[in-house]
A.B. asks: 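Below you will find the structure I want to go over with you.
All heavy atoms count here, side chains included; hydrogens, waters and symmetry mates do not. One is the number of the first residue; the rest follow in order along the sequence.
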Amino acid sequence: STSFPPTFLGLYYATKADLVEPAQKKAWLEKSLEVLLKAQEISRTLEKEYDDRQRAHGSLMVRAANPQLYLNLANTYMNLGDYRDAVDALRYGKGVDPRTLESYDGLNLAYSAMGNLPMAVVTMEEKALVDHFQPETLGAIRDLYQNMPDGSCAFVEHGGKWQLNLQGC
């Protein structure tokens, strides 16, 4: 995909932002965002052309987008404190390839940062379906439920085992 070079350049700029003095960090993140938005524009144009060609032949099998682009874009948005745009990028990237587990983790972080724990839980439950209920994912779900406000659904411990408390649902 032609969006790969700018995708990696955007990642380079975001990485550079982690290595510079705090006063310079935002400038590097903004540079990363600029390049990644250009990569997104290229990717969406190519994706549309590819989809149009597939439809002309009677099929639409694979999306032509680059999921790594959307992970990088979301990471930059989150580092800039823009969690809503991060969610949009991650949701699009998850749609490109639902097997990209990092999309679910990023959505969990973004929703949690916005205080939307119910959506964070739903996202991690989706991930559990994709990753075949890995212990790390189930632990993250348990932790999210434990942080839910009183009166909401939550896991509780009984006799050393975790159970879902449905009283507040």
A.B. asks: Might you confirm whether atom CZ of Arg91 has over 12 heavy atoms from other residues, nucleotides or ligands at distances under 6.0 Å?
C.D. replies: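 Counting other residues, nucleotides and ligands, CZ of Arg91 stays at 12 neighbours or fewer.
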A.B. asks: Specify the closest pair of heavy atoms between Leu138 and Ala128, including all atoms of both residues, with the distance to one decimal.
C.D. replies: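 Looking at all heavy atoms of both residues, the closest pair is CD2-CB, 4.5 Å.
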A.B. asks: Can you classify the ring geometry of Tyr12 versus Trp28 as parallel (below 30°), tilted (30 to 60°) or perpendicular (above 60°)?
C.D. replies: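 Plane angle over 60°, so perpendicular.
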A.B. asks: Under a 4.5 Å side-chain heavy-atom rule over Ile, Leu, Val, Met, Phe, Trp and Tyr, are Met119 and Leu107 clustered together?
C.D. replies: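 Yes, Met119 and Leu107 fall within the same hydrophobic cluster.
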A.B. asks: Please name the residue in the list Leu71, Leu36, Asp85 that meets the side chain to side chain contact (heavy atoms under 4.5 Å, CB included) test with Thr76.
C.D. replies: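 It is Leu36, the one option of Leu71, Leu36, Asp85 that forms the side chain to side chain contact (heavy atoms under 4.5 Å, CB included) with Thr76.
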A.B. asks: Under a 4.0 Å N-O cut-off, is there an ion pair linking Glu30 with Lys26?
C.D. replies: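 Salt bridge between Glu30 and Lys26, a charged N being under 4.0 Å from a carboxylate O: yes.
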A.B. asks: Between the side chain of Asp97 and the main-chain N/O of Gly93, is any donor-acceptor distance below 3.5 Å?
C.D. replies: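 Here the side-chain-to-backbone pair does not exist.
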A.B. asks: Testing the basics here: between Gly106 and Leu90, what is the closest heavy-atom pair and its distance to 0.1 Å?
C.D. replies: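 What the structure gives for the nearest pair is C-CD1, 3.3 Å.
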A.B. asks: Between Lys38 and Glu41, is there a salt bridge with N-O shorter than 4.0 Å?
C.D. replies: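 Judged by the 4.0 Å cut-off on N to carboxylate O distance, Glu41 and Lys38 do form a salt bridge.
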A.B. asks: Shortest non-hydrogen contact from Leu144 to Ser112?
C.D. replies: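 Here Leu144 and Ser112 meet closest at CD2-OG, 3.7 Å.
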A.B. asks: Does any N or O in the side chain of Asn79 come within less than 3.5 Å of the main-chain N or O of Asn75, such that one atom is a donor and the other an acceptor?
C.D. replies: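 Such a contact is found between Asn79 side chain and Asn75 backbone.
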A.B. asks: State whether the side chain of Tyr104 and the backbone N or O of Pro98 hold a donor-acceptor pair below 3.5 Å, judged by distance alone.
C.D. replies: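 Side chain of Tyr104 to backbone of Pro98: a pair is present.
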A.B. asks: Whether Asp18 and Lys25 form a salt bridge (side-chain N of Lys/Arg under 4.0 Å from carboxylate O of Asp/Glu) is what I want to check.
C.D. replies: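 Between Asp18 and Lys25 there is a salt bridge, with a charged N closer than 4.0 Å to a carboxylate O.
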